[in-house]
Amino acid sequence: MDYHMYEPTSTFLHSRLLHLYAQSGNLSDARNLFDKMPKRDIFSYNVMLSAYSKMDIYKDLWDFFHSMPIHDSVSYNTMISGLCSASCEEKALSIFVRMLKERVEPTAHTFVSALHVCSKLLELRIGKVIHAKVLLGDFGGNVFVCNALIDFYAKCGKVNKARWVFDRICEKILVSWNLMISGHLKNGQPEKCIELFSEMKSSGFKPDQFTSNVLIALFQIGQVDEACNTLRTMKEKDKICWTTMLVGYGQNGLEEDALQFFNEMLSERVRPDEITFSSVISLCAKLALLYQGKAVHAKAVHFGVDWNLLVSSALIDMYCKCGEPTESWIIFKKIQEKNMVSWNSMIVGYAQNGRDLGALDLYEEMLQKNLRPSHITFVGVLTTCIHLGFSERGQEYFYSITKVHGMRPTLDHYACMITLLGRSAGIDKALDLIKCLPCEPDCRIWSTLLSVCKIKGDVKHGELAAKHLSELDPHNAEPFILLTNMYAACGRWEDVAKMRSLMKSSQVIKFSAYSWTEVGGKVHKFTADGKSHPESELIYLELNELIRRLLEAGYSPDTKLALNNVGEDEKIQSICYHSEKLALAFVLYRMPRGVAPIRIIKNIRFCSDCHFFMKFASNIIGRYIILRDSNRFHHFVGGQCSCNDYW
DNA sequence: TTAGGGTTAG
């Protein structure tokens, strides 16, 4: 028998077996067979190369490629895409250049991979050269190449160019539409996104899970119902579509719908992942829903994602935002490899909950571990210094942003310093700092100065800050409200009346103030003097009884902020039924003898009378009250507050 | 072979 007659067949069989091993991910068997093969063809070499590229280990891939005796188009294409997915984009480009130099004919795959590399590097210049080669090589009609061009131009911010390519594809596929929709979205054109989506539907294409970018576009322009309808028409929807939906609900202020949507997702047996959980947990944090948050935490444990950094950081934040920093600390300690978000969430959470010294200790520990703080870390650290009245230490931290950490302070850091200096060293020092800002002061800066002026009772500079703030943001009600309060506090009633009528005639948008609390697994919302709660009558009875007890114990309502043209009784009435007081009365009526802390959340800052009232109430009723306003937490125990009346 | 969702402050 002539051995050589069978040799090609043997190589062929070996190479097919090699392919099978490689496809099933069995790299060691593949390598053994490859080493034993008496003769290796280019197909076998390419199969091995492809197996190495899937391992995402750059060095093995690189060495194997260079050990190959010959390279064809497939070898180069595999190498370019393999290096790109191993995040070695520069090396991928060098292989592409070598391919052209070696005069190996590029294929459609080559252009797709090379364009993908350029879009990752935002290499507009090289991408354009590739586009020219595409046209010269007559690949302009290839839908895969066109799709890669759309993605490349869109990612480089050249959405018009992307659209130019898209409009010239004769036979678009669903991916082309999805890519172009995504391109418009990434370039801040949600309306064009939606326009294109209706065009896509009228061309006979049905949305799939990758069309979820349309959902984001619809949420961005507030079309929540339309997003919901679109989701229902999707022929395939996965966890990403559901997560997109619930995040969208949250961004449109519909947090409770988002949470309901999460439950719907579970009942449809869609498996949530770490991104879904971190989003849902952050919604619970936003609403300070401790019991729902705990239930979601339990589900995260059930799905095995609670250890994930994204999820555990969200949990740290959630427990802190529910006034339970000890729970956060337990989670924080358990994390083996903490990241910036874990540290920041813990530092900021401690600061918000009045554990200011603990927050500073954590920051020092972070530095000892040679971790680089971020801008958010400094917002937390400076806020802590404000709470503690640590003026000098705060200034040291502020200067360290530039001198030690080589970062530029942001306007948020300057805003913290304005508060710190304004409160400790005086408004003049805060004004000096404003004069030294690296850019023009914005709304945040003037709003901060205005708040400090209010605390200090500095009407003159308060007027100046309010004027700037109104000029920059004419619809903002804040300057009107704060100035009115400042005038009222010093008895300038004519000015109070003037401000009130000016506010009526100006087109300012007033935030309606409300408070809420979670009782019996439900959220109960209250507005000042509101009677919409079904148990309203009983709540008012409870509150009146509480007020009577507090008055007896020496509480005297701070009527300075009430209207001046009414009698003293009416003045008392106008502040006694603030939303947070109604919320407190509701909890006391529902749970008269509870031991768990009473948790109340208010969407804006609460007034000094309510602060005084809660301190008194915590003592008289012997309960622990946690009140979270838009600024920070107040833990009231036995007549004292964790903020030490400094907020 | 190409595409989509996310956590910390203000």
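Naming convention: chains lettered A, B, ... in sequence-line order (proteins, then strands); numbering from 1 in each chain. Not measured: the values here are computed from a predicted model.
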task: Could you please name the option among dG6(B), dT2(B), dG10(B) that lies closest to any side-chain atom of Arg444(A)?
output: dG10(B)
Which donor-acceptor pairs under 3.5 Å do side chains of residues 240-248 of chain A form with protein atoms, sequence neighbours excluded?
{"unit_1": "Thr243(A)", "atom_1": "OG1", "unit_2": "Lys239(A)", "atom_2": "O", "d": "2.7"}
{"unit_1": "Thr243(A)", "atom_1": "OG1", "unit_2": "Thr276(A)", "atom_2": "OG1", "d": "3.1"}
{"unit_1": "Thr244(A)", "atom_1": "OG1", "unit_2": "Ile240(A)", "atom_2": "O", "d": "2.6"}

query: So, for Asp72(A) and Ser75(A), which heavy atoms are closest and what is the spacing to 0.1 Å?
result: OD1-OG, 2.7 Å
- prompt: So what does Ile376(A) hit on the nucleic acid, given a heavy-atom distance under 4.0 Å: a base, only sugar-phosphate, or nothing?
  reply: base
- prompt: When you check the side-chain N and O atoms of Thr384(A) and Arg393(A), is any donor under 3.5 Å from an acceptor?
  reply: no
task: Select base, sugar-phosphate, or nothing to describe what Ser279(A) touches, counting heavy atoms under 4.0 Å on all strands.
output: sugar-phosphate
query: Base, sugar-phosphate alone, or nothing: which one does Ser212(A) contact when heavy atoms must sit under 4.0 Å apart?
result: base
query: Checking only heavy atoms, does the side chain of Thr243(A) share a donor-acceptor pair with the base of dG5(B) at less than 3.5 Å?
result: yes
- request: Select one nucleotide: of dG5(B), dG4(B), dT2(B), the one nearest the side-chain heavy atoms of Thr276(A).
  value: dG5(B)
- request: Mind checking Val348(A) for me? I need base, sugar-phosphate or nothing, with any heavy atom below 4.0 Å counting as a touch.
  value: sugar-phosphate
query: Reckon Asn213(A) touches a base, only the sugar-phosphate, or nothing at all at heavy-atom distances under 4.0 Å?
result: sugar-phosphate
- prompt: Minimum heavy-atom separation for Met407(A) to Pro373(A), with atom names?
  reply: SD-O, 3.6 Å
task: Could you tell me the separation between the CG atom of Leu179(A) and the C1' atom of dT1(B), rounded to a whole number of Å?
output: 12 Å
field: Gap between atoms CZ and P, on Phe277(A) and dT8(B) respectively (whole Å)
entry: 17 Å
- request: Could you pull out the closest heavy-atom pair between Val117(A) and Glu89(A), with the gap in Å?
  value: CG1-O, 3.4 Å
task: Check whether the side chain of Ser282(A) and the base of dG6(B) form a donor-acceptor pair under 3.5 Å.
output: no
task: Scan Lys286(A) against the nucleic acid and name what it touches under 4.0 Å (heavy atoms): base, sugar-phosphate only, or nothing.
output: nothing
message: Is it true that Ser282(A) and Lys286(A) share a donor-acceptor pair across their side chains at a distance under 3.5 Å?
response: no
- prompt: Can you tell me if the side-chain N/O atoms of Lys186(A) get under 4.0 Å from OP1 or OP2 in dG4(B)?
  reply: yes
- line: Winner on side-chain proximity to Gln352(A), out of dA9(B), dG5(B), dT8(B), is dA9(B)
- request: Using only side-chain N and O atoms of Lys321(A), determine if any of them is under 4.0 Å from OP1 or OP2 of dA9(B).
  value: yes
field: Minimal non-hydrogen separation, Leu382(A) against Cys416(A), with atom names
entry: CB-CB, 3.7 Å
message: Using the side-chain heavy atoms of Cys241(A), tell me which of these nucleotides is nearest: dG6(B), dG4(B), dA9(B).
response: dG4(B)
- request: Output the single nucleotide from dG5(B), dG4(B), dT2(B) whose closest atom is nearest the side chain of Val175(A).
  value: dT2(B)
- prompt: What is the nucleic acid contact for Asn178(A), judged by heavy atoms within less than 4.0 Å: base, sugar-phosphate only, or nothing?
  reply: base
- prompt: When all nucleic acid strands are considered with a 4.0 Å heavy-atom cut-off, which category describes Asn77(A): base, sugar-phosphate, or nothing?
  reply: nothing
- prompt: Taking the six-membered ring for Trp, does His116(A) stack with dT2(B) (centroid gap under 5.5 Å, planes within less than 30°)?
  reply: no
- prompt: Ignoring hydrogens and angles, are the base of dG6(B) and the side chain of Asp273(A) linked by a donor-acceptor pair under 3.5 Å?
  reply: no
statement: Closest to the side chain of Lys239(A), out of dT1(B), dG5(B), dT8(B), is dG5(B)
field: Among dG5(B), dT7(B), dT2(B), the one nearest Val341(A) by side-chain distance
entry: dT7(B)
message: Rounded to whole Å, how long is the line connecting atom NE2 of His131(A) with atom P of dT2(B)?
response: 20 Å
message: The side chain of Ser278(A) is closest to which nucleotide in this list: dT7(B), dT8(B), dG4(B)?
response: dT7(B)
query: Looking at the side chain of Asp412(A), which of dG4(B), dG10(B), dA3(B) is the nearest nucleotide?
result: dG10(B)
query: Where the side chain of Val379(A) is defined as all heavy atoms beyond and including C-beta, which of dA9(B), dG6(B), dA3(B) is the nearest nucleotide?
result: dA9(B)
task: Classify the nucleic acid contact of Lys338(A) as base, sugar-phosphate or nothing, counting any heavy atom under 4.0 Å across all strands shown.
output: nothing
task: Take the protein atom CG of Asp442(A) and the nucleotide atom P of dG10(B), then report the distance between them rounded to whole Å.
output: 15 Å
